[in-house]
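Throughout, protein chains are lettered first and strands after them, A, B, ... in sequence-line order, and every chain is numbered starting at 1.
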2 protein chains.
Amino acid sequence: MLEIKEQKIDKAQFEEAAYILKALANETRLSVITLLSDEKEKSVSELMEAIDCEQSLLSYHLTDMRAKGILNCRRSGKNCFYSIRNRRVIQMLGCIVDCN
Amino acid sequence: MLEIKEQKIDKAQFEEAAYILKALANETRLSVITLLSDEKEKSVSELMEAIDCEQSLLSYHLTDMRAKGILNCRRSGKNCFYSIRNRRVIQMLGCIVDCN
DNA sequence: AAAATACATGAATATATGTTCATATATTTA
DNA sequence: TAAATATATGAACATATATTCATGTATTTT
């Protein structure tokens, strides 16, 4: 007698993907990633200017993405320069935008 | 004199991407998409069994993903069969999982 | 050293998302 | 037609995410 093979899913395998998706699922954040995706780092002021986002709010998003390992931050004088920590995120964003 | 070209971002262009990302950024939802990605539709019961998710909670996620245009639903007798509406989502999920 | 600039942080609040439980609805089966 | 099965929905609540505003801190400029 042939058993029907049940497909069981280990939800845990999606933990990390969901975690990153949550960290990116926001217009401001997608804008930041896009601005940083040309390899060049940008200061908070530059990002603010380009995205037209309130200083405090942008800072919140940047700090959080940094805490979640998506962005890097380097201080230089009065400025903080943000950049993308792992280039895979750019690839991912590319797919997302393409598939849409 | 050379002007520095400011890069302005139109956040609105990311609205749709962010909308879909939010709709997917959850372990249960990623599990559902994965289970449905083999072209075959599955009933709520089958999904429930495979994902090990409470009926009501799964229903909530399914209904929402359906409302957001990610899933289709077809009733047949006592069952409701869900499937992926737009195959691009699978491609997207593939990228996400790969890049990670 | 005081003022200005660039950014972060905390508190308060608003809004969105996820979860549970009880109950409703549709369909089939007995 | 009553009971069983499969799924949806509403209410209440918990938690997470986003937003605003005031203020703190580090650095530079005057």
Side-chain angles (χ1 to χ4, degrees), chain A residues 4 6 9 11-12 14-33 35-36 41-83, chain B residues 4 6 9 11-12 14-33 35-36 41-83:
Chain A
I4 292 179
E6 293 170 21
I9 285 272
K11 263 190 288 197
F14 295 111
E15 251 177 39
E16 204 179 326
Y19 182 78
I20 292 182
L21 287 183
K22 276 180 196 175
L24 295 180
N26 172 282
E27 294 161 38
T28 298
R29 295 182 181 206
L30 293 180
S31 301
V32 168
I33 301 291
L35 281 168
L36 297 180
E41 59 185 12
K42 288 199 171 54
S43 70
V44 178
S45 305
E46 288 172 314
L47 293 170
M48 235 177 88
E49 163 72 16
I51 298 176
D52 194 34
C53 180
E54 217 221 336
Q55 186 269 318
S56 175
L57 182 54
L58 179 57
S59 187
Y60 157 69
H61 286 299
L62 292 174
T63 300
D64 190 68
M65 285 195 278
R66 186 186 169 197
K68 289 179 175 159
I70 294 171
L71 299 182
N72 272 327
C73 181
R74 176 179 76 82
R75 175 151 216 146
S76 169
K78 283 185 294 192
N79 295 298
C80 284
F81 291 92
Y82 279 86
S83 57
Chain B
I4 293 179
E6 292 169 24
I9 284 273
K11 264 189 288 197
F14 296 112
E15 253 175 39
E16 205 179 326
Y19 182 77
I20 292 181
L21 287 183
K22 277 180 196 177
L24 296 180
N26 171 284
E27 294 162 37
T28 297
R29 295 183 181 205
L30 293 179
S31 301
V32 168
I33 300 292
L35 281 168
L36 297 180
E41 59 186 12
K42 288 198 171 56
S43 71
V44 178
S45 306
E46 288 173 313
L47 293 171
M48 234 177 89
E49 162 72 15
I51 298 177
D52 193 34
C53 179
E54 217 221 337
Q55 186 270 318
S56 175
L57 181 54
L58 179 57
S59 187
Y60 157 70
H61 286 300
L62 292 174
T63 300
D64 190 68
M65 284 196 278
R66 186 185 169 200
K68 290 179 175 160
I70 294 171
L71 299 181
N72 273 325
C73 181
R74 175 180 75 81
R75 175 149 218 145
S76 169
K78 283 185 293 192
N79 295 299
C80 284
F81 291 92
Y82 279 86
S83 57

A/L58 and A/V44: which non-hydrogen atoms are nearest, and at how many Å? CD2-O, 3.7 Å

In 5'-to-3' order, the base (B), backbone-only (S) or no-contact (-) status of each nucleotide in nucleotides 19-24 of chain C, using a 4.0 angstrom heavy-atom cut-off, is BBBB--

Under 3.5 Å donor-acceptor, A/R29 side chain and A/S31 backbone: no

Side chain to side chain donor-acceptor pair (under 3.5 Å) pairs, two or more places apart, involving residues 50-60 of chain B: none

Using a 4.0 Å heavy-atom cut-off, does B/S59 contact any base of the nucleic acid, only the sugar-phosphate backbone, or nothing at all? base

Keeping the roles fixed (side chain from B/N26, backbone from B/T28), state whether a donor-acceptor pair exists under 3.5 Å. yes

Hits for side-chain contact (heavy atoms from CB on, under 4.5 Å) against A/A12, two or more places apart or cross-chain, chain-then-number order -> A/D10, A/E15

Residues of residues 69-78 of chain B with any non-hydrogen atom less than 4.0 angstrom from an atom of DNA chain C: list those, numerically ordered, please. B/R75, B/G77, B/K78

Using a cut-off of less than 4.0 Å, is there contact between a side-chain N or O of B/Y82 and OP1 or OP2 of D/dA6? no

Measure from CG on A/L62 to P on D/dA18 and round the result to the nearest Å. 13 Å

Going by salt bridge (charged side-chain N to carboxylate O under 4.0 Å, His left out), name the residues that satisfy it together with B/K22, two or more places apart in sequence or in a different chain. none

Could you state the CE-C1' distance from A/M48 to C/dA8, rounded to the nearest angstrom? 13 Å

Sequence neighbours excluded, which residues qualify as salt bridge (charged side-chain N to carboxylate O under 4.0 Å, His left out) partners of B/R74? B/E41

Whole angstrom is fine here: how far is it from CZ in A/F81 over to C1' in C/dA6? 10 Å

Using a heavy-atom cut-off of under 4.0 Å over every strand shown, decide if A/R29 touches base, sugar-phosphate, or nothing. sugar-phosphate

Integer-rounded Å distance: D/dA18 C1' and A/L24 CG: 16 Å

Measure the distance from CG on A/L58 to P on C/dA8 and round it to the nearest whole Å. 8 Å

Distance, rounded to the nearest Å, where B/D64 contributes CG and D/dT9 contributes P: 12 Å

Rounded to whole Å, the NZ-P distance (A/K22 to D/dT15) equals 14 Å

Starting at the 5' end of DNA chain C and moving along, which residue's nearest nucleotide shows up first, B/A25 or A/T63? A/T63

My understanding is that only residues two or more places apart in sequence, or in another chain, count here; which of them pass side-chain contact (heavy atoms from CB on, under 4.5 Å) with B/K68? B/Y19, B/A23, B/D64

A/V32 and A/M65, any side-chain heavy atoms less than 4.5 Å apart: yes

Nucleotide C/dT17, atom C1' - distance to NZ of B/K68 in whole Å: 8 Å

